[in-house]
Amino acid sequence: MSVGLDYQFLVKTFFIALSGVPTALIITIVSLLIALPLGFLLALSRINQIPVISQLARVYVSFVRGTPVIVQIFIIFTSVPLLLKPVFEEYHVQTNIYDINPIWYAFIVFSLNTTAILIEVFRSAISTVSKGQLEAAYSVGLNNVQAFRRIIIPQTLVVALPNICTATVNLIKATSLGYALSLREITLRAQVAANVGYNYIEAYIDIFIVYLLLCSLVEYLFKLYEKRLRKYKAVGA
Amino acid sequence: MLEIKNIHKSFGKNEILKGVDLKIEKGDVVVILGPSGSGKTTLLRCINFLERADEGQAIFGNMDVNLKSASRKQIHQIRQKTAFVFQNYNLFNNKTALENVTEGLIIGRKVPKAEANKIGKLALEKVGLSDKINSYPSQLSGGQQQRVGIARAIALNPDIILFDEPTSALDPELVGEVLTVMKSIAKEGTTMLVVTHEMSFAKDVANKVIFMDGGVIVEEDAPEEIFSRPKEERTQQFLKRVIPEDYIYNI
Amino acid sequence: MQKYFDVSYLWGTIPQLIPFLKVTFMVAGLSVLFGTILGFILALMKLGTSKIAKKTANSYTTIIRCTPSIVLLFLVYYGLPAIVGNFGTDLNTLHTAVFVVITFSLQFGALMSEVMRTAYEAIDRGQFEAAVSVGLSPAQAFRRIVLPQAFVVALPNFGNSFLELMKEGSLAYTIGLVDIMGKASLIISNNYNSHSLEIYLGLSLIYWILSILIEQFFSRLEKIFSKGKQVIKTT
C-alpha cells in the first residue's frame, strides 16, 4: 500500500473535502453568534456576582471545560432525543426524533461549548478594563447601554481578540468531530470517499490541507481586524 | 585608572556617541550631565558592555581592550572591575535583599557563602537596610530597592561604580535617602561615574562634571567652574533651563 | 426497554472504567514528557538567531495548531507506517499506544514551545543585565535568575495545556486505544448501544473530577513557587 500516493485520488478528494467547508463554517458562525453575546453577559454576571446565575455559570463552565468535546457531543446526541420525545408526543409533532438533521445537534453542542470558553475569555478581558472607565462614562451622562456599547465593549474586544481567535480556530477544528453525529462535514465526506478504495492516507492529507487553509485564513482575518482595532489604542504603550 | 578613547555607537541610523574621550582617576566622583538623547546612558552601558560600541578603546588599569572586538573573557574581566546601578534598580525578583547582594560574590567571584553573607550584611548596613535583609524586592519601596541595588554594587568592591540615573525613577521623597547613601560612599573614596539630573549631588560631591550633548563631550571641569563660569554656549543654555529645578529639590 | 434512563447504569459503569485511567495517565504522561522536550527545542529555535530555525519552528507550530486532533491521529497512525514502510520496516505490529503518544507529543510540543517562549519574553531584560553586571556568566544569569522567574510565569499555562492534552487524548479511542474512553465505547457497543447516555455521563463525571483535581494541583504549585511575588487577584 505504501509505494506511492494516488495523486488522482488526492486531487479528487481534495475537492470532496472542500465541499464540507460550508458545513464547518455554518456551525462555527452560528455558534459564535450565540456564544459571543451570551458569553459576555454571563461573564458580566460572574464579575458582578449576581446570585444564582453566577454560581450556575461557574459550575457550567467548570463542567464544559473539564470534559472532552467528544463526550459532550455524545451526551447531547443521546440526551436530546430522550428529552424531546415526550415533548413531540405531547404536541403531536410529526417529525421522527431520529430524523432530525444532525446539524441541529452540532449547533447545540458547539454553542454551549464555545459559550463556556468565552465566559472565561471575557471575564479576564473585562477585568483589565478599569472600573473608572464605567464611572467616567456615567458621569458624562451616558446610560448603561451607551456606556457599554461605546466605551467598555470596544476596549474589552481589543484585549479579548487573540483569545477569541484561538477559540474560533479550536471551534473549526472541533467540527471535525461532527462525524460522530454523522454530520457530513470535511472529515466525514473525505473519509467516505476513502472507504471505496482504501486510500485513507490521501484522504487524510487532503483533510489536513483543508483545515490548514481554513485555520490560516481565519487567523489572518483576525490579525487584520486586531490591527484595525489597535489603531485606537494608546500609542507607545 | 580608566581611560576611554574615541568611543562611537550607533543604533540603526542614529549615531548616539560621536567620538567620546574620558579619563577617570582613582577616587574621582564624576558626574555626567546633559539633555536626554545626548548619549550619557549609552556611554555608561558601553563601558560594561551592556551595549557593544562600534568603535573605541578602553584602558582599564593594565588592560587595554578594543570595545568593538573584545572577547568574552575580556568582557568578563572588565565586569569584574565594575559595578552598575540601574535606573529601575533591576533587583533579582526571585531573591531576597541579602541574596541579591551576595549573588555576584558567590556565583560570579566564587566567594564562599559564609564570607559572602558577611560582606553582604555589611553592605546592607552601610545603606541602612539591616532590617530588610530577608525581604523580597516586591516588599520594598523604590528607594529601598535602589539602596539594595547600591549595596549590591558596593559588596563587589569594584574599581569603579557606574550609576545610570539612579534616582530618576523614584518619587521625590525617596530621592533624598538614595543621594545620602551615594554621598557617604563617595566620601569613603569610591570611584564613581554618575549620570544624573540631581544638581545638588554634582555640586556637593563631584570633583569633576562633564556636560554632554549630541553625542560628544561639550565641556568638562570642576563643578564650581561649570556651574558658575560655564565656558560653552550650550552648557550655559542647559544650565539656565535646569537650575531653577535645583531650588525645588535642594533640601 | 422499560426505562429510557437508568441511573444505576451510571454508578455501575464507573467502577468498570476507573481501572483504565491507568492507560489514560500513562499515555498523557509520556506525551507530556516527550512534548516538553520537543517544546523546549522548538522554543530555543524560536528565540535564537537563526532565521531558518525560527521559521521552521514557527511553521511547525502553526501547522500543528491548525490540525484537528483526530486528523493528526489518523495521519500518524496510517501515514507513519506507510512512510517507514518505504524503507522496509514494518510498524504494523506496534501497539496503538505508541502512535497515540507520538501524535500527542507532537501536539504538546507545539503548545509547549509557545508557553515557554512567552514566559521567557515576559521576563524583563533588566534582570539579565543586572545579573551579568554583577559578574555572572550569561549561562549562569539565565539559569539562576531568568529561568526560575520564567518557570513561575509558565506554570499556569502549562497546567492549562496539560488539561487540554487530557481532553484531546480521549480521541485516541478512534484508533483503538483502550483507555477510559475506549473502554466506555466497548461497554456501549457490548450493550447494543442502549443506555449509552448513562455511560457517557459517568465518563464525563470522571473527566470532570479529574480536571478539578488537576486545576487544584496546579493552583497549589503556583502558590508554592510564587514566594516573593505579589500576585494580582483576578477572581
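On a predicted model such as this, the values are computed, not experimentally measured, just so you know. Within every chain, numbering begins at 1; the chains are lettered A, B, ... in the order of the sequence lines, protein sequences first and strands thereafter.
By the 30° and 60° cut-offs, the orientation of the rings of A/Phe63 relative to C/Trp208 is perpendicular.
Crowding of C/Tyr120 atom OH: a count of heavy atoms from other residues, nucleotides or ligands under 6.0 Å not exceeding 12.
Counting all heavy atoms, side chain and backbone alike, A/Ile201 lies closest to C/Tyr78 at CD1-O, 3.4 Å. Here the shortest heavy-atom pairing between A/Val169 and C/Arg65 reads CG1-O, 4.0 Å. Here the shortest heavy-atom pairing between C/Cys66 and A/Tyr211 reads O-CB, 3.7 Å. Across all non-hydrogen atoms, the minimal contact from C/Val71 to A/Tyr204 is CG1-O, 4.1 Å.
The distance from atom CD1 of A/Ile70 to atom CG of C/Leu203, rounded to the nearest 0.5 Å, is 10.5 Å. Rounding to the nearest 0.5 angstrom, the gap separating the CD1 atom in C/Ile64 from the CG atom in A/Leu212 is 10.0 Å. Between atom OG of residue C/Ser204 and atom CD of residue A/Gln72 there is a gap of 8.5 Å, rounded to the nearest 0.5 Å. Rounded to the nearest 0.5 angstrom, C/Leu75 CG and A/Ile205 CD1 are separated by 6.5 Å.
Within residues 164-179 of chain C, the residues that have a heavy atom under 4.5 Å from a heavy atom of chain A are C/Lys167, C/Ser170, C/Leu171, C/Tyr173, C/Thr174, listed by number.
In this structure, the portion of C/Ile70 lying under 4.5 Å from any heavy atom of chain A is its side chain and not its backbone. Within the 4.5 angstrom heavy-atom criterion, no atom of C/Leu210 approaches chain A.
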